[in-house]
A.B. asks: 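Below are the structure tokens for one structure; questions will follow.
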Amino acid sequence: ASYDLANGKVVYDANCAACHAAGIMGAPKTGTARKWTSRLTQSLDTMVQKSIAGYSGDYRGTKTFMPAKGGNPDLTDQEVGNAVAYMVNEVL
Ligand code: HEB
């Protein structure tokens, strides 16, 4: 898949920054490389699929939630992919 980073920033600002800008409740903080190192062992497409579907994880013994499409079902899969690509690009 190919992703549009400019659209990704727009999608990110509106739908993802609420959790990822400050890195609250176990959300990996955008632009903080050490929060992303272990995640980047996955392929970008795997991270996109998980962000579309949503999943739960664990942060220091507390359950975490990445909501499906960041909680906005109106987003297309492509838009979510664009936002993930934007976030990953911020730590490359
Ligand atoms: Fe999130 C995680 C993306 C929104 C919370 N996220 C995450 C990741 C990604 C993302 C890529 C990583 C994955 C892996 O590792 O595989 N997000 C995203 C996007 C968006 C979002 C793109 C928009 C659409 N989130 C969000 C929100 C919130 C969140 C809104 C809150 C509510 N996340 C989160 C968390 C996490 C994440 C908590 C972590 C989980 C675990 O544990 O892992």
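Residue numbers run from 1 in the order of the sequence given. Atoms within a ligand are numbered from 1 in the order they appear, just like the ligands themselves. All values derive from a computational prediction rather than experimental measurement. Values below: all heavy atoms of this structure, side chains included; hydrogens, waters and symmetry mates excluded.
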A.B. asks: For Phe65, state whether at least one heavy atom is located under 4.0 Å from any atom of ligand 1.
C.D. replies: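 Checking ligand 1 against Phe65, which is what was asked, there is a heavy-atom contact under 4.0 Å.
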A.B. asks: Between the side chain of Gln42 and the main-chain N/O of Arg39, is any donor-acceptor distance below 3.5 Å?
C.D. replies: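 Judged by distance alone, yes, a pair lies under 3.5 Å.
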A.B. asks: Can you list the ligand 1 atoms lying under 4.0 Å from a non-hydrogen atom of Gly57?
C.D. replies: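 Those atoms are 42 (O).
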A.B. asks: Under a 3.5 Å distance rule, please check whether Thr41 uses its side chain to pair with a backbone N or O of Thr37 as donor and acceptor.
C.D. replies: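 Not confirmed, Thr41 side chain does not pair with Thr37 backbone.
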A.B. asks: Among Tyr59, Trp36, Tyr86, whose heavy atom sits nearest atom 8 (C) of ligand 1?
C.D. replies: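 When every heavy atom of Tyr59, Trp36, Tyr86 is considered, Trp36 comes closest to atom 8 (C) of ligand 1.
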A.B. asks: Only heavy atoms of Asp58, strictly under 4.0 Å: list the atoms of ligand 1 that pass.
C.D. replies: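 Counting atoms of ligand 1 from 1, those under 4.0 Å from Asp58 are 42 (O).
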A.B. asks: Distance to 0.1 Å, residue and atom name: give those for the protein heavy atom nearest to atom 39 (C) of ligand 1.
C.D. replies: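 Protein heavy atom with the smallest distance to atom 39 (C) of ligand 1: Gly26 O, 3.5 Å.
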A.B. asks: Please state whether Tyr55 comes within less than 4.0 angstrom of ligand 1, counting heavy atoms only.
C.D. replies: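 Yes.
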A.B. asks: For atom 42 (O) of ligand 1, which candidate among Val80, Thr64, Asn72 holds the nearest heavy atom?
C.D. replies: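 The nearest heavy atom belongs to Thr64.
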A.B. asks: Note the single closest protein heavy atom to atom 15 (O) of ligand 1, along with its residue, its atom name and the distance in Å.
C.D. replies: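 Nearest protein contact, heavy atoms only, for atom 15 (O) of ligand 1 is Arg39 NH1, 2.8 Å.
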A.B. asks: Examine the proximity of ligand 1 to Val48 and report which part, side chain or backbone, both or neither, has a heavy atom under 4.0 Å away.
C.D. replies: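 Answer for Val48: neither.
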A.B. asks: Short list, please: which atoms of ligand 1 are under 4.0 Å from a heavy atom of Ala83?
C.D. replies: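 Answer, ordered by atom number: 22 (C).
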A.B. asks: With the side chain counted from C-beta on, respond yes when Val11 and Val80 share a heavy-atom pair under 4.5 Å apart, and no when they do not.
C.D. replies: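 Not in contact.
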A.B. asks: Are Tyr3 and Asn89 side-chain neighbours, meaning at least one heavy-atom pair lies under 4.5 Å?
C.D. replies: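 With C-beta onward as the side chain, the pair stays apart.
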A.B. asks: Hey, does Ile52 have a side-chain heavy atom less than 4.5 Å from the side chain of Lys69?
C.D. replies: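 Counting from C-beta outward, Lys69 and Ile52 do come under 4.5 Å.
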A.B. asks: Ignoring water, what protein N, O or S atoms are under 2.8 Å from atom 1 (Fe) of ligand 1?
C.D. replies: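 Protein N/O/S atoms under 2.8 Å of atom 1 (Fe) of ligand 1: His20 NE2, Met66 SD.
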A.B. asks: What are the atoms of ligand 1, with element, lying closer than 4.0 Å to any heavy atom of Gln42?
C.D. replies: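 Those qualifying, in numeric order: 14 (C), 15 (O), 16 (O).
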A.B. asks: Indicate the atoms forming the closest heavy-atom contact of Asp74 with Glu79, along with that distance.
C.D. replies: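 Heavy-atom minimum between the residues: O-OE1, 4.2 Å.
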A.B. asks: Is there a side-chain contact between His20 and Met87, using heavy atoms and a 4.5 Å cut-off?
C.D. replies: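 Yes - at least one pair of side-chain heavy atoms lies under 4.5 Å apart.
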A.B. asks: Identify, by atom number and element, the atoms of ligand 1 in contact range of Met25, meaning under 4.0 Å from any of its heavy atoms.
C.D. replies: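 Numbered from 1, ligand 1 contributes 38 (C).
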A.B. asks: Taking side chain as C-beta onward, heavy atoms only, is Leu5 less than 4.5 Å from Tyr12?
C.D. replies: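 Contact flag for Leu5/Tyr12 side chains = no.
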A.B. asks: Is any side-chain heavy atom of Thr30 closer than 4.5 Å to one of Lys35?
C.D. replies: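 Sidechains of Thr30 and Lys35: no contact.
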A.B. asks: Please tell me if the side chains of Thr32 and Arg34 come closer than 4.5 Å, counting only heavy atoms from C-beta onward.
C.D. replies: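 They are in side-chain contact.
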A.B. asks: Can Gln78 and Asn82 be counted as having a side-chain donor-acceptor contact under 3.5 angstrom?
C.D. replies: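 Checked: Gln78/Asn82 side chains pair up, N/O donor to acceptor below 3.5 Å.
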A.B. asks: With clusters defined by side-chain heavy atoms of hydrophobic residues (ILVMFWY) lying less than 4.5 Å apart, directly or transitively, does Tyr86 cluster with Val10?
C.D. replies: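 Different clusters.
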